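Nothing fancy with the numbering, it's 1 onward along the sequence. Owing to the predicted nature of the structure, the values given are computational and were not obtained by experimental measurement.
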Amino acid sequence: MQREILPMSAADWPAVRAIYEQGIATGNATFEKSVPAWETWDTAHLPHCRLVAHSAGEVLAWAALSPVSSRCVYAGVAQVSIYVAARARGRGIGLALLSALVEASERASIWTLQAGIFPENAASLELFRKAGFRVLGTRERLGQMDGCWRDVVLMERRSLVAGV
């Protein structure tokens, strides 16, 4: 499958939103119950390090970073979001996109990337491992979803380029 990784634009939002909705529907991608409006999503994510994977002009996956804190000491630490369309999973698009996001983050002087993943989401845990993330631990009963407590595996990747 021929694919291209490009910066995300506002014009990509309808496709990004649809892929995000697919992830929410799995019940194992996020605590979110619905996709926010573009303006809310845009404000919550860093203006740089937003990428989409295209194939034949169609968005198949997206990835973006959000700050973990507004404190200046954490300016180089960001939270990763990555979602792959159901029809594109298992084709290496996620790893290509996450690898490109890591490179973009290092160019933007981000020294630590972190991700919180439900332990039931084996595919995401493996994707992040392949991209050089390590498991820091499991945050037990971190939040409730549909009345059930959910654990979250905390993963991290420390740059060997930025912040050294």
Side-chain angles (χ1 to χ4, degrees), residues 8 10 12-53 59-90 93-95 97-102 104-105 108 110-159 162-163:
M8 182 190 298
D12 293 317
W13 180 244
V16 166
R17 178 184 175 87
I19 293 167
Y20 196 6
E21 287 172 337
Q22 288 178 3
I24 290 170
T26 69
N28 282 326
T30 179
F31 279 110
E32 296 295 334
K33 299 305 267 173
S34 63
V35 178
W38 163 253
E39 295 76 16
T40 303
W41 186 94
D42 183 47
T43 301
H45 291 80
L46 296 174
H48 49 30
C49 299
R50 299 174 180 190
L51 302 174
V52 289
V59 175
L60 297 177
W62 66 270
L65 298 180
S66 53
V68 298
S69 175
S70 60
R71 295 180 62 197
C72 64
V73 298
Y74 298 113
V77 182
Q79 178 80 20
V80 177
S81 295
I82 182 168
Y83 288 80
V84 178
R87 68 188 173 286
R89 293 179 192 148
I93 293 169
L95 184 57
L97 185 59
L98 185 54
S99 297
L101 185 68
V102 166
S105 73
I110 305 286
W111 58 80
T112 300
L113 295 176
Q114 67 181 40
I117 302 169
F118 292 132
E120 298 83 3
N121 192 339
S124 287
L125 291 170
E126 183 60 21
L127 168 65
F128 279 83
R129 279 189 194 101
K130 286 180 180 178
F133 285 71
R134 65 187 177 106
V135 173
L136 295 179
T138 299
R139 301 178 78 187
E140 297 177 358
R141 297 171 47 102
L142 185 62
Q144 285 193 19
M145 187 171 184
D146 299 325
C148 296
W149 286 103
R150 300 290 301 266
D151 295 348
V152 174
V153 176
L154 183 59
M155 297 187 79
E156 172 186 87
R157 183 183 187 284
R158 180 68 167 94
S159 175

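For F133 against V102, the heavy-atom pair with the smallest separation is CE1-CG2, 4.4 Å. For the pair G23 and A29, the tightest heavy-atom approach, listed with the atom from each and the gap, is O-CB, 3.3 Å. In plain terms, the two heavy atoms of A44 and P67 that are nearest each other are O-CD, 3.6 Å. A88 approaches I93 most closely through the heavy-atom pair CB-CD1, 3.7 Å. The two atoms that bring A53 and L97 nearest to each other are N-CD1, 4.2 Å, heavy atoms only. Minimum heavy-atom separation, A75 to I110: O-CD1, 3.9 Å.
In this structure, R150 is positioned above the aromatic face of F118, its NZ or CZ under 6.0 Å from the six-membered ring centre and within 45° of the axis.
Classified by interplanar angle (parallel below 30°, tilted 30° to 60°, perpendicular above 60°), the ring pair W41/W13 is tilted.
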From CA spacing to verdict: side chain to side chain contact (heavy atoms under 4.5 Å, CB included), H45, S81: CA-CA 10 Å; H45 291 80; S81 295; 4.2 Å; yes

Evaluation steps, side chain to side chain contact (heavy atoms under 4.5 Å, CB included), between L95 and L127: CA-CA 6 Å; L95 184 57; L127 168 65; 3.8 Å; yes

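One finds the CZ atom of F31 at 13.0 Å from the CD1 atom of I24 (value rounded to the nearest 0.5 Å). A distance of 4.5 Å separates CZ in F128 from CD1 in I117, rounded to the nearest 0.5 Å. To the nearest 0.5 Å, atoms CG (L136) and CG (L154) are separated by 4.5 Å. Taken to the nearest 0.5 Å, the CG atom of L101 stands 7.0 Å off from the CD1 atom of I82. To the nearest 0.5 angstrom, L51 atom CG is 11.0 Å from S99 atom OG. From R50, atom CZ reaches atom OG of S66 across 10.0 Å, with rounding to the nearest 0.5 Å.
In this structure, the side chains of D12 and W62 stay at 4.5 Å or more apart for every pair of heavy atoms. With contacts defined as side-chain heavy-atom distances shorter than 4.5 Å, the pair L60/R87 qualifies. Residues R89 and Q22 meet the side-chain proximity criterion, which asks for heavy atoms closer than 4.5 Å. Residues R139 and D151 fail the side-chain proximity criterion, which asks for heavy atoms closer than 4.5 Å.
Residue pairs that meet the side chain to side chain donor-acceptor pair (under 3.5 Å) test with at least one member in residues 128-138, sequence neighbours left out, are R134-E156.
Within the 3.5 Å criterion, the main-chain N or O of N121 finds no donor-acceptor partner in the side chain of N28.
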